Amino acid sequence: MHDIRSLRADPQAFDAAMARRGLGGQSQVILALDAERREAIQRVEAALKARNERAKAIGMAKAKGDTAEVERLMASPVDDIAAATSEQLARSEAALNDTLSALPNILDAEVPEGADETANRVLHQHGEPASLPFKPREHFELGEALGLMDFESAARLSGSRFVVLKGALARLERALGQWMLDQHTGQNGYTEVSPPLLVNAATLYGTGQLPKFEEDLFRTDDKFLIPTAEVPLTNLVAQQIIAEPIAPLRFTALTPSFRSEAGSAGRDTRGMLRQHQFYKVELVSITRPEDSDGEHERMTGCAEAILTALGLTWRRLFLCAGDTGFGAARTYDLEVWLPGQQAWREISSCSNTRDFQARRMNARFKRGKDSVFVHSLNGSGVAVGRALIAVLETHQREDGTIAIPAVLQPYMGGLTQLG
């Protein structure tokens, strides 16, 4: 959500910020709605004042025993006027909030210009894509050859974009999630949370999934399945005024995520890259405004350390203006090299939203006599399914077996390979 006072102070700057997002001028429409709301507030205040004055006059007339004056005052339409002006104010406020809530966050000045992913900037890379002495296979070819990955059964059970994992491969998926969770809690200072997987609309509004991305959500009556644990974790501070967080509040969770993948028809239809249901270890931080830049670097480094420990080749990208998500002021994406695909694929996205989500959630901390909006950050630490894909393709051998990274072997009962 945007600060209407800042927009009033410099509408040209706001329009320039939205232009970086590919949106035309917005300020005049918003300022007109704001003017209507402010006028409605004045009318409500005038109506309430008139109603209070009538109440005093009625009291005085009763004290004098002037029944005719009491009846005349009671017949006054001030109650109807007050109700009508209050309804108009509610409509004006809703129109302004709806317009503001549909607009994306303002990008940091350093975010690279560009319309799409081709303008993303590679900041650094860990390792070089391996040149294997055989033709590498994709993850679904490896999993099916081992008899441990079953898309046919999943399709019968649930439809497309699901998978059944079996045996040691199912255990490897579990091992990845548990190991990553242990790293973030034991080494990186995050507090483990087991959040609800069903949330209400207000919770999704707080982090920016609603109203813009409703079509990408799975709904059950009045609740929604979470598309990421970012939603419940960030909302732990919603509608709160917390003590000033001298050290960032850091939360992590291993949960399933559910996404309808609206608009992705025909993309990544083979394998596990784009699923309706997948596990992810999520990282969320709540900070003071002055600490969020440093926390963004730290969070991204935590995700990078996971990829390094798994023996993967990865790189960090600074997303350009046209590829930065709705709620983010700046985003780093981590991509891994998949030998089977011969391509870089996203495995983590770490974003600083500044106070954008906090304004939607009304999340503040106490600083002296004032309350200040928190800054919120979120990142994948990392997506379990994509990590599984990367491990299979990176550590495959010519005979179809897959070496299990050393850090995962204690979670696999000492097993050193699949197959």
Side-chain angles (χ1 to χ4, degrees), residues 120 122-127 139 163 165 169 172-193 195 226-231 233-234 250-259 268 271-275 277-285 295-319 325 328 331-341 343-352 377-395 404-408 411:
N120 293 340
V122 177
L123 297 181
H124 56 252
Q125 180 174 313
H126 175 82
H139 67 281
V163 66
L165 302 180
L169 190 55
L172 183 59
E173 180 189 49
R174 174 161 54 93
L176 277 162
Q178 295 299 325
W179 170 73
M180 288 190 279
L181 200 59
D182 286 349
Q183 289 297 111
H184 292 311
T185 56
Q187 304 297 320
N188 298 330
Y190 287 85
T191 298
E192 182 177 355
V193 177
I226 60 169
T228 165
E230 169 202 344
V231 175
L233 293 182
T234 308
R250 300 184 177 112
F251 305 117
T252 187
L254 168 61
T255 68
S257 298
F258 305 91
R259 299 181 186 177
D268 301 319
M272 293 174 53
L273 272 164
R274 198 176 294 274
Q275 299 264 283
Q277 172 188 313
F278 57 93
Y279 286 97
K280 182 158 65 77
V281 175
E282 186 71 7
L283 307 175
V284 162
S285 295
E295 186 67 9
H296 191 205
E297 294 294 330
R298 183 187 188 276
M299 175 182 285
T300 309
C302 290
E304 290 171 341
I306 292 292
L307 304 179
T308 298
L310 291 174
L312 305 177
T313 299
W314 57 266
R315 64 184 186 180
R316 184 198 290 199
L317 277 65
F318 194 175
L319 296 195
T331 297
Y332 297 137
D333 265 11
L334 302 182
E335 294 183 339
V336 290
W337 177 255
L338 299 183
Q341 282 200 10
W344 294 98
R345 299 304 297 255
E346 177 199 338
I347 195 169
S348 174
S349 191
C350 298
S351 297
N352 188 345
L377 304 94
N378 62 82
S380 303
V382 294
V384 176
R386 293 202 172 192
L388 182 62
I389 290 169
V391 166
L392 294 178
E393 294 196 13
T394 299
H395 299 300
I404 296 173
V407 293
L408 299 179
Y411 295 79

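Small disclaimer: the values here were computed from a predicted structure and weren't measured.
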Minimum-distance pair of heavy atoms, taken over all atoms of [X] and [Y]:
| X | Y | value |
| --- | --- | --- |
| P405 | V391 | CD-CG1, 3.8 Å |
| A303 | G381 | CB-CA, 4.5 Å |
| A383 | K280 | CA-CG, 3.9 Å |
| Q183 | I306 | CB-CD1, 3.8 Å |
| E282 | A229 | CB-CB, 3.8 Å |
| R386 | L273 | NH2-O, 2.8 Å |

Side chain of [X], backbone of [Y]: donor and acceptor closer than 3.5 Å?
| X | Y | result |
| --- | --- | --- |
| Q125 | G127 | yes |
| R315 | E335 | no |
| S348 | S380 | yes |
| R298 | N188 | yes |

[Y] side chain reached by [X] side chain, heavy atoms, under 4.5 Å:
| X | Y | answer |
| --- | --- | --- |
| L254 | V384 | yes |
| V382 | M180 | yes |
| F251 | P195 | no |
| H139 | M272 | yes |
| N378 | L233 | no |
| P339 | T394 | yes |
| L176 | L310 | yes |
| I347 | I389 | no |

Establish, from distance only, whether the side-chain atoms of S285 and E295 form a donor-acceptor pair under 3.5 Å. yes

For residues S349 and D333, is any side-chain donor paired with an opposing acceptor at under 3.5 Å? yes

In sequence, state the C-alpha distance, the side-chain angles, and the governing distance for Y190 and M299, and then conclude on side chain to side chain contact (heavy atoms under 4.5 Å, CB included). CA-CA 10 Å; Y190 287 85; M299 175 182 285; 3.9 Å; yes

Please enumerate all residues that pass ring pair (Phe, Tyr, Trp, His ring centres under 6.0 Å) together with Y332, with sequence neighbours excluded. H296, F318

All salt bridge (Lys or Arg N to Asp or Glu O under 4.0 Å) counterparts of E346, not counting sequence neighbours: none

Rounded at 0.5 Å granularity, tell me how far CG in L334 sits from CZ in R345.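 The CZ atom of R345 is 15.0 Å from CG of L334, to the nearest 0.5 Å.
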
F258 side, atom CZ; T228 side, atom OG1 - distance, nearest 0.5 Å: 12.0 Å

Walk me through it: do D182 and Y411 pass the test side chain to side chain contact (heavy atoms under 4.5 Å, CB included)? CA-CA 11 Å; D182 286 349; Y411 295 79; 2.7 Å; yes

Answer yes or no: is there an ion pair linking E297 with R316, defined by an N-O contact shorter than 4.0 Å?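 Looking at E297 and R316, the cut-off is met.
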
Side chain to side chain donor-acceptor pair (under 3.5 Å) partners of T308, counting only residues at least two apart: W314

Verify the neighbour count for atom OH of Y279: are there more than 12 heavy atoms of other residues, nucleotides or ligands below 6.0 Å?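 Atom OH in Y279 is not packed in, count stays at 12 or less.
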
